[in-house]
Amino acid sequence: MKTHAQPKAVVLVSGGLDSATTLAIAKEKGFETYTLAFDYGQRHRSELFAAEIISRALGAVEHKVVHLDLNLIGGSALTDSAIAVPERGIEQIEHGGIPVTYVPARNTIFLSIALGWAEVLGANDIFIGVNAVDYSGYPDCRPEYIAAFQKMAGLATRAGVEGHKMTIHAPLIYLTKGAIINKGSQLGVDYRLTVSCYQADERGRACGRCDSCQLRKQGFIESGVIDPTVYR
């Protein structure tokens, strides 16, 4: 008896809890997943090891790491060691505008490469864990940005021109961090494997002070789940 093959999807993974949850959601939806991480010169490099481990744990068919050097353009505390990583409170994060941890055009670059791999794989779906609720104010995490990129994907690819619609999935975009953690916990995501800190050490241990650590802490408190990485 002939069975239908699973549809393929490219999933962007960063090693953090959002992308881990997004990968679990793609798997839950029945996709055969191909994960993509980026070594772009970020100071928190332990996330790359986490991305690979998470991809393996959640059953990705293949995991790729693309090497870029965004240090060449700089402009972000994540790629330029001369710019300090901010350590702010939640209220400052929520009302402080676009922070220096914003990496110029990062999601556009990442999604463009994911789009190319998707075409090669014959995949019509890309998953990204952006969030427009509990986030640091990044312009490329907004729903209007995702909609615009999807429209562009239909115009800029052979697949789109030939009528194979490319869909950019952002399943976390309207969820709070607590809701994301609850969803991932339901799907069996092992958050011990994740690294969220902007300045984690080589073992993935968090500083506990940066914006990302603050948002993660708030999310676990909201969810009622204990963050297992605090015991790392």
Side-chain angles (χ1 to χ4, degrees), residues 2-16 18-42 47-48 51-52 54-56 58-73 75-76 78-79 98 102-133 135 138-175 180:
K2 186 176 180 180
T3 59
H4 294 288
Q6 288 179 278
K8 298 176 180 179
V10 173
V11 184
L12 297 180
V13 291
S14 68
D18 289 348
S19 66
T21 305
T22 299
L23 177 55
I25 290 171
K27 181 180 177 182
E28 178 195 34
K29 291 181 177 294
F31 286 96
E32 184 177 81
T33 57
Y34 294 76
T35 55
L36 188 61
F38 294 88
D39 181 355
Y40 61 92
Q42 65 269 52
E47 69 171 29
L48 291 169
E52 182 177 1
I54 291 164
S55 296
R56 187 164 57 243
L58 290 174
V61 175
E62 186 176 356
H63 176 69
K64 284 186 182 293
V65 179
V66 173
H67 299 272
L68 302 169
D69 189 1
L70 297 186
N71 284 304
L72 292 173
I73 61 173
S76 170
L78 301 191
T79 58
I98 300 172
Y102 165 66
V103 180
R106 179 173 59 179
N107 283 344
T108 301
I109 295 166
F110 290 0
L111 280 170
S112 296
I113 294 172
L115 187 60
W117 194 24
E119 278 211 282
V120 171
L121 291 170
N124 296 323
D125 298 88
I126 296 172
F127 282 77
I128 183 171
V130 295
N131 178 263
V133 181
Y135 77 129
Y138 299 155
D140 52 2
C141 289
R142 297 174 298 160
E144 52 266 46
Y145 165 76
I146 296 299
F149 191 95
Q150 179 169 301
K151 181 177 180 180
M152 183 278 297
L155 297 171
T157 60
R158 181 172 66 184
V161 170
E162 292 179 348
H164 303 290
K165 180 183 178 183
M166 191 69 69
T167 300
I168 311 298
H169 301 263
L172 312 184
I173 201 157
Y174 294 116
L175 299 182
I180 292 168

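Side-chain atoms are counted along with the backbone in the values below, which use heavy atoms only and exclude waters and symmetry mates. Everything numeric here is computed off the predicted structure, so don't read it as measured data.
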**OP:** Applying side-chain contact (heavy atoms from CB on, under 4.5 Å), run through Asp140 and Leu111 and close with a yes or a no.
**Re:** CA-CA 11 Å; Asp140 52 2; Leu111 280 170; over 6 Å; no
Original post:
When rounded to the nearest 0.5 angstrom, what distance separates CD1 in Ile126 from CD1 in Ile168?
Top reply: 4.0 Å
Original post:
For the residue pair Leu78 and Arg106, what are the closest heavy atoms and their distance?
Top reply: CD1-NH1, 3.7 Å
Subject >> Main-chain N/O of Leu172 paired to Asn131 side chain as donor or acceptor, under 3.5 Å >> reply: yes
**OP:** Please assess Thr22 against Ile128 for the test side-chain contact (heavy atoms from CB on, under 4.5 Å), listing each intermediate value before the final yes or no.
**Re:** CA-CA 7 Å; Thr22 299; Ile128 183 171; 6.0 Å; no
Subject >> Partner set under side chain to side chain contact (heavy atoms under 4.5 Å, CB included) for Val61, not counting sequence neighbours >> reply: Glu32, Tyr34
Original post:
What's the verdict on side-chain contact (heavy atoms from CB on, under 4.5 Å) for Gln150 and Lys165, showing C-alpha distance, side-chain angles and the deciding distance?
Top reply: CA-CA 9 Å; Gln150 179 169 301; Lys165 180 183 178 183; 3.6 Å; yes
Original post:
Atom CD1 of Ile173 and atom OH of Tyr145: how far apart are they, to the nearest 0.5 Å?
Top reply: 10.5 Å
**OP:** Please report the closest heavy-atom contact between Gly30 and Pro7, naming both atoms and the distance.
**Re:** O-CD, 3.7 Å
Original post:
Can any side-chain N or O of Ser19 pair as donor or acceptor with the backbone N or O of Ser14 at less than 3.5 Å?
Top reply: yes
Original post:
Any idea which heavy atoms bring Thr35 and His63 closest together, and the distance?
Top reply: OG1-ND1, 2.7 Å
Original post:
Can you name the nearest heavy-atom pair linking Leu58 to Lys27, along with the distance?
Top reply: O-CD, 3.4 Å
Subject >> Polar side-chain atom of Ser76 near backbone of Tyr102 as donor-acceptor pair, under 3.5 Å >> reply: yes
**OP:** Would you please classify the geometry between the Phe127 ring and the His169 ring as parallel, tilted or perpendicular, with 30° and 60° separating the classes?
**Re:** parallel
Original post:
Which heavy atom in Ile54 sits nearest to a heavy atom in Ala20, and how many Å separate them?
Top reply: CG2-CB, 3.9 Å
Subject >> Heavy-atom closest contact (Phe149 atom, Ser112 atom, distance) >> reply: CZ-N, 3.6 Å
Subject >> Full working for side-chain contact (heavy atoms from CB on, under 4.5 Å) between Phe110 and Leu68 >> reply: CA-CA 10 Å; Phe110 290 0; Leu68 302 169; 4.1 Å; yes
